[in-house]
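Only a predicted model underlies this, so the values are computations on that prediction, with no experimental measurement involved.
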Amino acid sequence: MGKSIIITSGKGGVGKSTCTANIGAALADMGYSVVLVDGDMGLRNLDVIMGLENRIVFTSLDAALKKCTIKSALVKDRHSDNLFLLPAEQHKNIELMTPEHMEWICRSLKEAFDYVLIDCPAGIDRGYRTSVAGADEAIVITTPEVAAIRDADKIIGVLSSDGICQIRLVINKIRSELMRSGNMVSCSDIENILGVKSIGYVPDDKTVVVNTNRGQLSVRTFRSVAGREFRKIAGKISGNRTLVSRGEEMSAVRI
């Protein structure tokens, strides 16, 4: 059985979906089988980030309602045979997706994949409640901003109350020059406030925006400093850090 990991945040706009896509691609490049589940019903964007928006035929809701099999709804990544996307419904009847449906989907996917990464909508409303139902572990994404840190603290408390024991942190969009000048909350202060040790410190890298707009992933761009950090994060998640260098070599070959 694989692991299902919800990737969430308290505040929107912290780069959660971008982190999900890049971490998933890094794990796939290391040889693991990975499926990304878009839990943001109605506002999906993982397909755009991965450049797969024109390949979607069925969605997770179609699979949940038995209009197709889960396998039929999966969309294979353009660059890796190990990476798949299960897209969210964008328009119709999104309220029909229930926590029970998500739990069944994730349980089924864990039988076929090493990692199931669930891209959760920000906040703690209905979308979160549906997404967390299928999760074994959690990764919380925050940025070094007071509002994002405050909301990350809230989501960590909610995850704990929902029985998620393994909670890890990724600090995204770091600007080291602002931290050094004291104009941005330091990573150590963020960890102390949240009581969670970070597994990744992702710099504010302009290539991330460029790659996202092109439907490309920074983890596959050899010169992307953010991409290198995503590969390190994947190594920590898998516990197989010796494969991080291999992931960098594979990315270099692709470029």
Give the minimum heavy-atom separation between [X] and [Y], together with the two atoms involved.
X      : Y      : value
Met97  : Met102 : SD-N, 4.3 Å
Cys187 : Met179 : SG-CE, 3.6 Å
Arg78  : Gly51  : NE-O, 3.6 Å
Thr59  : Ala88  : CG2-O, 3.7 Å
Ile164 : Ala135 : CD1-O, 3.6 Å
Thr8   : Lys16  : CA-CD, 3.5 Å

Is [X] linked to [Y] within one hydrophobic cluster, defined over Ile, Leu, Val, Met, Phe, Trp and Tyr using a side-chain heavy-atom separation of less than 4.5 Å?
X      : Y      : value
Leu178 : Ile193 : yes
Leu83  : Phe58  : no
Val210 : Phe230 : no
Val48  : Leu85  : no
Val208 : Tyr201 : no

Sidechain-backbone polar pair: [X] side chain, [Y] backbone, donor-acceptor under 3.5 Å:
X      : Y      : value
His101 : Leu96  : yes
Thr130 : Gly127 : no
Asp62  : Lys67  : no
Ser198 : Leu169 : yes
Asn172 : Val14  : yes
Ser80  : Asn82  : yes
Arg175 : Pro144 : no
Arg231 : Val219 : yes
Thr69  : Ser72  : yes
Asn22  : Thr18  : yes

Would you call [X] and [Y] a side-chain contact if the rule is heavy atoms closer than 4.5 Å?
X      : Y      : result
Val34  : Asp114 : no
Lys173 : Val202 : no
Ile167 : Ser160 : yes
Ser238 : Tyr32  : yes
Cys106 : Ile118 : yes
Ile237 : Ile5   : yes
Val132 : Cys120 : no
Asp119 : Val37  : no

Stepwise salt bridge (charged side-chain N to carboxylate O under 4.0 Å, His left out) test for Arg129 and Asp162: CA-CA 9 Å; Arg129 292 296 171 191; Asp162 284 334; 2.8 Å; yes
Nearest 0.5 angstrom please: [X] [atom1] to [Y] [atom2], how far?
X      : Y      : atom1 : atom2 : answer
Gln90  : Leu61  : CD    : CG    : 13.0 Å
Thr143 : Asp204 : OG1   : CG    : 9.5 Å
Arg168 : Ile156 : CZ    : CD1   : 13.0 Å
Ile233 : Ile199 : CD1   : CD1   : 6.0 Å
Met184 : Ile174 : CE    : CD1   : 8.5 Å
Glu145 : Arg150 : CD    : CZ    : 11.5 Å

Check this for me: [X], atom [atom1], are more than 12 non-hydrogen atoms of other residues, nucleotides or ligands nearer than 6.0 Å?
X     : atom1 : result
Leu74 : CG    : yes
Lys76 : NZ    : yes
Lys66 : NZ    : yes

Pair Asp205-Ser224, side chain to side chain donor-acceptor pair (under 3.5 Å): steps then yes or no: CA-CA 7 Å; Asp205 182 355; Ser224 170; 3.0 Å; yes
The single option from Asp38, Leu109, Leu36 passing side-chain contact (heavy atoms from CB on, under 4.5 Å) against Leu86: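 When Asp38, Leu109, Leu36 are each tested with Leu86, the side-chain contact (heavy atoms from CB on, under 4.5 Å) holds only for Leu109.
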For Thr20, the option from Ile141, Ile7, Ile6 that meets side-chain contact (heavy atoms from CB on, under 4.5 Å):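 Single pass found, and it is Ile7.
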Stepwise side chain to side chain donor-acceptor pair (under 3.5 Å) test for Thr221 and Ser218: CA-CA 5 Å; Thr221 304; Ser218 295; 5.3 Å; no
Trace of the salt bridge (charged side-chain N to carboxylate O under 4.0 Å, His left out) decision for Asp29 with Arg220: CA-CA 9 Å; Asp29 287 350; Arg220 291 177 175 147; 3.6 Å; yes
Val140 vs Val196, side-chain contact (heavy atoms from CB on, under 4.5 Å): CA-CA, chis, key distance, verdict: CA-CA 10 Å; Val140 175; Val196 179; over 6 Å; no
Geometric cation-pi criterion Lys110 and Trp104, 6.0 Å radius, 45° cone: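 No cation-pi geometry.
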Stepwise ring-ring contact (aromatic ring centres under 6.0 Å, His included) check, Phe84 with Phe113: CA-CA 10 Å; Phe84 290 81; Phe113 290 89; 5.7 Å; yes
Evaluation steps, side-chain contact (heavy atoms from CB on, under 4.5 Å), between Asp47 and Val75: CA-CA 9 Å; Asp47 55 320; Val75 183; over 6 Å; no
Results of salt bridge (charged side-chain N to carboxylate O under 4.0 Å, His left out) for Lys3 - residues two or more places apart only: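 Lys3 satisfies salt bridge (charged side-chain N to carboxylate O under 4.0 Å, His left out) with Glu137 once adjacent residues are dropped.
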